[in-house]
Trainee: 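Take a look at the following structure, please.
What you are looking at is a predicted structure, and each value in this text was computed from that prediction instead of being measured. Numbers restart at 1 for each chain; the letters A, B, ... are given by sequence-line order, proteins then strands.
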Amino acid sequence: MASSFPPLSRDFYDRPVTIVAQEVLGKLLVGKEGRRLTVGRIVEAEAYLSCGDDACHAAKGPSRKNAAMFGPPGHAYVYVIHARHCVNLVTEPTGVPSAVLVRALEPLSGLDLMHERRGTEVVLDLARGPARLCEALAIDRTLNGWDLTRGQKLWLADDPAATPFEIRTSPRIGVTSAFDLPLRFYVAGNRFVSKLKRGEF
DNA sequence: CTACCGATTGACT
DNA sequence: GTCAATCGGTAGA
């Protein structure tokens with residue numbers, strides 16, 4: 001393997017969720033199934049807050065489904081919605097239920113495998129959208145609670161080829177409450193960001 | 001047990 | 001632009 005993609009440490013996740021949601025932009029999300037790697041650059045993410053955020057799955061207290069959000073930072077919270085998977089990165093200290101939803105990736109490596117899993121030849125559709133990227137990286141609920149600092153199956157890594165970019169902010173996509181909070185962050189000018197409207201770039 | 005819902009997607013007008 | 005399929009989680013009978 002040309003690059004080993006060392007995983008980000010737990011310290012990266014053990015910070016305020018709105019900070020992490022912006023700092024994950026430009027990081028690499030690495031999926032490993034057996035010996036096969038799929039890698040994408042995170043270009044869009046949303047923060048879900050532990051307090052005052054009705055759209056957060058933890059807003060009504062702990063349950064079997066959201067237990068991972070109450071656990072230690074640096075673990076995955078995977079849930080199912082509309083028969084599709086979405087992945088979050090748990091942030092802040094144990095007991096503080098906040099997380100970053102990864103909404104879109106720019107595919108970098110393992111494109112053949114992503115095409116195979118997604119059933120499309122369109123590169124733009126491989127990982128643009130929270131459920132699409134999960135399908136592209138084979139993320140399902142067996143990875144709920146997975147420790148992202150292990151460097152196995154699923155983790156985050158720095159991009160050795162990172163270049164500066166501008167961060168844009170907007171309300172979150174699809175939420176049915178707290179839709180006024182500006183907690184969605186994305187890389188300006190990147191085509192792999194989901195749900196771009198006319199005039200946004 | 002049944003009923004309803006959603007941090008979505010893809011097909012269609 | 002609109003709309004319905006999809007299915008695990010959750011609430012309620």
Side-chain angles (χ1 to χ4, degrees), chain A residues 13 16-22 24-25 29 31 40 42-71 73 75-92 96-107 114-146 148 154 156 168-187 191-200:
Chain A
Y13 305 94
V17 63
T18 52
I19 301 293
V20 180
Q22 292 170 78
V24 293
L25 297 180
L29 185 62
I42 299 176
V43 297
E44 179 184 357
E46 290 178 354
Y48 287 85
L49 312 181
S50 61
C51 295
D53 182 3
D54 288 339
C56 180
H57 287 171
K60 293 175 182 171
S63 69
R64 187 191 189 96
K65 167 184 167 183
N66 67 23
M69 287 183 82
F70 288 84
H75 289 243
Y77 164 48
V78 180
Y79 68 96
V80 177
I81 187 163
H82 296 285
R84 292 172 164 100
H85 299 278
C86 296
V87 66
N88 293 251
L89 318 170
V90 176
T91 61
E92 306 193 46
V96 182
S98 63
V100 172
L101 171 68
V102 183
R103 281 199 58 91
L105 303 178
E106 176 179 347
M114 294 189 195
H115 279 121
E116 183 183 314
R117 289 169 176 158
R118 291 277 301 121
T120 176
E121 297 301 311
V122 183
V123 176
L124 204 57
D125 288 341
L126 287 182
R128 185 185 43 145
R132 288 168 169 169
L133 72 90
C134 282
E135 194 172 19
L137 301 210
I139 298 167
D140 61 24
R141 96 192 114 116
T142 65
L143 288 175
N144 188 30
W146 184 257
L148 301 168
L154 184 68
L156 261 65
R168 293 280 160 83
T169 304
S170 85
R172 293 172 293 187
I173 302 289
V175 295
T176 54
S177 57
F179 35 76
D180 51 324
L181 299 176
L183 294 176
R184 171 172 174 253
F185 306 98
Y186 60 95
V187 174
R191 301 179 324 240
F192 293 90
V193 174
S194 74
K195 306 271 183 169
L196 280 178
K197 298 172 188 165
R198 267 176 71 87
E200 286 180 327

Trainee: Verify the contact: side-chain N or O of A/Thr176 to OP1 or OP2 of B/dC5, cut-off strictly under 4.0 Å; return yes or no.
Mentor: no
Trainee: So what does A/Ala55 touch, heavy atoms closer than 4.0 Å: a base, only the sugar-phosphate, or nothing?
Mentor: base
Trainee: If you compare every side-chain N and O of A/Arg132 against the phosphate oxygens of B/dG10 (OP1, OP2), does one of them come in below 4.0 Å?
Mentor: yes
Trainee: Can you confirm if the NZ or CZ of A/Arg172 lies within 45° of the ring axis of A/Tyr48 and under 6.0 Å from the centre of its six-membered ring?
Mentor: yes
Trainee: What's the CZ-C1' distance between A/Arg141 and C/dC7, to the nearest Å?
Mentor: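 After rounding, the reported distance stands at 10 Å.
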Trainee: Rounded to the Å, how far apart are A/Phe179 CZ and B/dG6 P?
Mentor: 12 Å
Trainee: Using a 4.0 Å heavy-atom cut-off, does A/Lys195 contact any base of the nucleic acid, only the sugar-phosphate backbone, or nothing at all?
Mentor: base
Trainee: Using the six-membered ring for Trp and the full ring for Phe, Tyr or His, decide whether A/Tyr79 stacks on the six-membered base ring of B/dA7 (centres under 5.5 Å, planes under 30°).
Mentor: no
Trainee: To the nearest 0.5 Å, how far apart are CZ in A/Arg117 and CD1 in A/Ile139?
Mentor: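 Between A/Arg117 CZ and A/Ile139 CD1, I get 9.0 Å after rounding to 0.5 Å.
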Trainee: Expressed as a whole number of angstroms, how long is the span from A/His82:NE2 to B/dC5:P?
Mentor: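 Atom-to-atom, A/His82 to B/dC5, this comes out as 11 Å.
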Trainee: Let me know the distance between CG of A/Asn144 and P of C/dC7, rounded to the nearest Å.
Mentor: 19 Å
Trainee: Please give, in whole Å, the distance from B/dC5 C1' to A/Arg84 CZ?
Mentor: 16 Å
Trainee: Starting from the 5' end of DNA chain B, give me the residue, A/Ser177 or A/Arg118, whose nearest nucleotide shows up first.
Mentor: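 The residue whose closest nucleotide sits nearer the 5' end is A/Ser177.
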Trainee: As an exercise, state the distance from SG of A/Cys56 to CG of A/Leu181, rounded to the nearest 0.5 Å.
Mentor: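 Going from the SG atom of A/Cys56 to the CG atom of A/Leu181 covers 11.5 Å.
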Trainee: Expressed as a whole number of angstroms, how long is the span from A/Leu101:CG to B/dT8:P?
Mentor: 8 Å
